[in-house]
There are 2 protein chains.
Amino acid sequence: MDERKIRNMEEFATVSGISRPTVSKYFNNPDSVRQTTRQRIEDALQLYDYRPNIYAMNQNRRLTKNIGIVVPYLADPFFSEISRVIEQRCIEAGYAPNLFSAHGQQSQELDILDSLRSMKPAGVLLAPLGRQSDRAAIEKFSRDVPTVLFDSNIDGLGDAFVGSDNYSFVSQTVEYLSRTGDPPCFLEGRTPANPNANKRRLAYLEMMERLGLEAQVIKVDGEGWDFEEIGQRGGFKVLDEKVLKTNTVLCSNDRLAIGFLSACFERGVKVGRGPGCDLRVASHDDHPFARFTCPALTTAAHDYGSVSGKAVKTLFDIIDEGTRPVDREETLYPARLIVRDSA
Amino acid sequence: MDERKIRNMEEFATVSGISRPTVSKYFNNPDSVRQTTRQRIEDALQLYDYRPNIYAMNQNRRLTKNIGIVVPYLADPFFSEISRVIEQRCIEAGYAPNLFSAHGQQSQELDILDSLRSMKPAGVLLAPLGRQSDRAAIEKFSRDVPTVLFDSNIDGLGDAFVGSDNYSFVSQTVEYLSRTGDPPCFLEGRTPANPNANKRRLAYLEMMERLGLEAQVIKVDGEGWDFEEIGQRGGFKVLDEKVLKTNTVLCSNDRLAIGFLSACFERGVKVGRGPGCDLRVASHDDHPFARFTCPALTTAAHDYGSVSGKAVKTLFDIIDEGTRPVDREETLYPARLIVRDSA
DNA sequence: TAAAAAAGTTTACGCGCGTAAACTTTTTTA
DNA sequence: TAAAAAAGTTTACGCGCGTAAACTTTTTTA
């Protein structure tokens, strides 16, 4: 190992006994050279730890092997979990994932698109902020770079969208809750950060009407991405002012529910479906911590694997095709109801 | 805007009326050119949206303006939070942060160091896995790249370490708990993932001895980074087998405590310091969700701001200096006790 | 085993920058 | 206001690759 320092591809070509153009070909696709040639290069790679200069490699390429992964809020374990899975899939496919978080701010999302543009990525997987996104900026960006949206849909933006079917989430929870007890009211933030929240409310209203039940939508105050905080403060208000017409609360998402549950606990409201319980609480997303709330949260789970797998595959298909799809495909995966102790 | 497409710095220099070497100088440091020159360049920048090719810029540089940020497990909100703060500070200083997570796996940590090396970063901020880290690999890496360790110290590795003072965490919680009720036992994972856990156990034992109290360390089974799961399963075991000699449990970290609290809830063990409570539970870290556990968790908080600020400043000082420090500085920030309802 | 095809070699150029050297112009200093 | 210093210009080269073209060698095909 390391008999002497290799400075560039020329030197490495010399020590491996293969011409530089062929070595270059190898690094761009190891399968593009003959097996015996590949072996000689890889033998040399064992002896000398040379790696091509990524900056020199990329400067003349129209596109690099970079993939941008952009999420709205990485401190949300849902996004850190899904980006972990997506990252992994990119690496397996031979791409270099680059992870970015907008941290809930439009300015940051714009900055990310800006630096992504100069990275000349082969493609981008974007979970947009949603309501706070700059539609025009994303539209302009996705004209230049193949872009697949995930999690949060913005109509017509990007080459495709892959996400979860909000109707499937809500219809399952509403059906379950109204079958096993009082029909649920629906609790959400007043100014939902992303379009999924709106779709969930509409799905709730539609389901309740279909089932012939009285709907009650409760909007709690609060801005931004601190959903637990919003859920907790809203919970105090809802409980103290006794606005609930039912003993069953369906939260728009698990993070709100986590806050709401903490408010219930603090006010001595017993949550659960057993005898002696005051309130049932359910929600959507199957947040990584939903198993550890008190009580454990009944919720509807995303199909992480399918969403990430399909999003990545869609992007790679576009990249491999070399042309943008004419039709913007939208793929929605159904949720899976997870019954725990809270409802 | 966009009168015509600018292809490279030569063309941009022409339209801005400044020579290319001066334009190049400007992009490397806008303050290095005369104010009038700067204005002319920036006027042109308004008219034509040209940005230098980052790959061409970096290929001949020994070092880039990239900063690597590596954390062991991004799905842990503690790390997503601290890396958010660090990212921000890098951007403000004119550097380009690149975020990586080892996802709890040694192989991934090694892969990250590998790709970082070819990125030629100006420096790296590394929160290592700890026990699972490959000491030799990190040592070799930090010989090539200025590296500041944070959160988790590995003796002698990197140019400096910045983290929290585990003794300060534990001494405050132990002092508080034993002053206000029964002295605590200490609950931790059997094979702690990082060195902070060991330091916390030792600090607990030392404090208990100093206070003349009987110590009890309870080790719960479980591998990996799913601390809530480990805490919950351990909680069931501890409660069902009645191994506690005291009514006060001090957990090594908040994620374990979150799991432990959920076990208590499920077993009907009432946690808190009020009358009628069976158990007090406290912990360390002030995890972003510690405010929303049931009951809210009494814990000791990291000084996020100081740790991230000092880590970034230390790295930038090394970069600006151009030489590595002879003495490896270790900076520890004290914790702040946060009393909530759980103890 | 000869012809065709595939793979590798040699030579050469280009990419978009950084940057050095000699020079000229502009600004600052005294 | 002349001299010195600072800043910008012109010219030129180099970085480490990608890649094209003409050629040679090796492998596959029939």
Side-chain angles (χ1 to χ4, degrees), chain A residues 4-45 48-66 94 96 115 117-120 122 322, chain B residues 4-45 48-66 94 96 115 117-120 122 322:
Chain A
R4 72 173 180 222
K5 205 69 192 168
I6 300 293
R7 300 168 166 281
N8 54 39
M9 196 181 278
E10 191 69 56
E11 287 187 20
F12 178 74
T14 305
V15 299
S16 68
I18 304 289
S19 70
R20 192 177 67 75
T22 303
V23 170
S24 169
K25 216 171 157 222
Y26 165 84
F27 279 111
N28 282 306
N29 178 8
D31 288 327
S32 66
V33 302
R34 210 182 281 150
Q35 177 55 37
T36 51
T37 308
R38 178 170 177 170
Q39 197 55 56
R40 288 170 69 187
I41 292 174
E42 285 172 355
D43 288 350
L45 234 30
Y48 308 86
D49 76 336
Y50 162 76
R51 305 188 59 175
N53 179 316
I54 52 169
Y55 299 106
M57 280 179 68
N58 284 332
Q59 84 163 68
N60 296 320
R61 284 226 184 90
R62 202 178 58 79
L63 292 181
T64 66
K65 281 280 192 180
N66 294 323
S115 44
R117 199 189 295 269
S118 57
M119 279 177 54
K120 300 191 281 187
Chain B
R4 71 174 179 222
K5 205 70 191 166
I6 300 292
R7 300 168 166 282
N8 53 38
M9 197 181 278
E10 191 70 54
E11 287 187 19
F12 177 74
T14 305
V15 299
S16 67
I18 304 290
S19 71
R20 192 177 68 74
T22 302
V23 170
S24 169
K25 216 169 157 226
Y26 165 83
F27 279 111
N28 282 307
N29 178 10
D31 287 326
S32 67
V33 301
R34 208 183 284 150
Q35 177 54 38
T36 52
T37 310
R38 178 169 176 172
Q39 197 54 57
R40 288 169 69 187
I41 293 174
E42 285 171 355
D43 288 349
L45 234 29
Y48 308 87
D49 77 333
Y50 162 75
R51 304 187 58 175
N53 180 315
I54 52 170
Y55 299 106
M57 279 179 67
N58 285 332
Q59 85 163 73
N60 295 321
R61 283 226 184 92
R62 201 178 58 78
L63 292 180
T64 65
K65 282 280 193 180
N66 294 323
S115 43
R117 199 189 295 269
S118 57
M119 278 177 56
K120 301 191 280 187

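So you know, we letter chains A, B, ... as the sequences are listed, proteins then strands, and number each from 1. The analysis underlying the following values was restricted to heavy atoms, covering all of them including side chains, and did not include hydrogens, waters or symmetry mates.
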Distance in angstrom units between [X] [atom1] and [N] [atom2], rounded:
X        : N      : atom1 : atom2 : answer
A/Asn58  : D/dC15 : CG    : C1'   : 15 Å
B/Lys120 : D/dG16 : NZ    : C1'   : 9 Å
B/Glu11  : C/dC17 : CD    : C1'   : 14 Å
B/Asn8   : C/dC17 : CG    : P     : 6 Å
B/Phe12  : C/dC17 : CZ    : P     : 11 Å
A/Gln35  : D/dT26 : CD    : P     : 18 Å
B/Asn53  : C/dC17 : CG    : P     : 5 Å
A/Met57  : C/dC17 : CE    : C1'   : 18 Å

Please compare A/Thr36 and A/Arg7 by the position of their nearest nucleotide in DNA chain D and report the one closer to 5'.
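Looking at DNA chain D, the more 5' nearest nucleotide goes with A/Arg7.
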
What pairs of nitrogen or oxygen atoms, one from the protein and one from nucleotides 4-7 of chain C, lie under 3.5 Å apart?
residue : atom : partner : partner atom : Å
C/dA7   : O4'  : A/Arg34 : NH2          : 3.1
C/dA7   : O3'  : A/Arg34 : NE           : 3.4

Picking from D/dC17, C/dG8, C/dC17, which would you name as closest to the side chain of A/Pro52?
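Of all the options, the side chain of A/Pro52 is nearest to D/dC17.
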
Can you tell me if [X] touches the phosphate of [N], counting only side-chain N or O atoms and a distance under 4.0 Å to OP1 or OP2?
X       : N      : answer
B/Ser24 : C/dG18 : yes
A/Tyr50 : D/dC17 : yes
A/Thr22 : C/dG8  : no

Return yes if some donor-acceptor pair links the side-chain N/O of [X] with the main-chain N/O of [Y] below 3.5 Å, else return no.
X       : Y        : result
B/Thr22 : B/Ile18  : no
A/Arg40 : A/Gly17  : yes
A/Thr64 : A/Lys120 : yes
B/Lys65 : B/Gly94  : no

Polar side-chain contact B/Gln59-D/dC15 base: donor and acceptor under 3.5 Å
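Side chain to base: pair found, below 3.5 Å.
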
Indicate, yes or no, whether a donor-acceptor pair under 3.5 Å links the base of C/dG18 to the side chain of B/Arg20.
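Check passes, donor-acceptor contact within cut-off.
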
Which nucleotide, if any, forms a Watson-Crick or G-U wobble pair with [N], using both distances under 3.5 Å?
N      : value
C/dA22 : D/dT9
C/dC15 : D/dG16
C/dT27 : D/dA4

Is there a side chain to side chain contact (heavy atoms under 4.5 Å, CB included) between A/Tyr55 and B/Met57? Walk through the geometry before answering.
CA-CA 8 Å; A/Tyr55 299 106; B/Met57 279 179 67; over 6 Å; no

Passes side-chain hydrogen bond (donor to acceptor under 3.5 Å, both in side chains), A/Ser115 versus A/Ser118? Steps please.
CA-CA 5 Å; A/Ser115 44; A/Ser118 57; 6.0 Å; no

Geometric class of the A/Phe27/A/Tyr50 ring pair [parallel <30°, tilted 30-60°, perpendicular >60°]:
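It falls in the perpendicular class, over 60°.
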
Pair A/Asn8, A/Glu11 - check side chain to side chain contact (heavy atoms under 4.5 Å, CB included), show working.
CA-CA 6 Å; A/Asn8 54 39; A/Glu11 287 187 20; 3.6 Å; yes

Sugar-phosphate only, base, or nothing, as touched by A/Pro21 at under 4.0 Å among non-hydrogen atoms:
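Base contact - A/Pro21 has a heavy atom under 4.0 Å of at least one base atom.
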
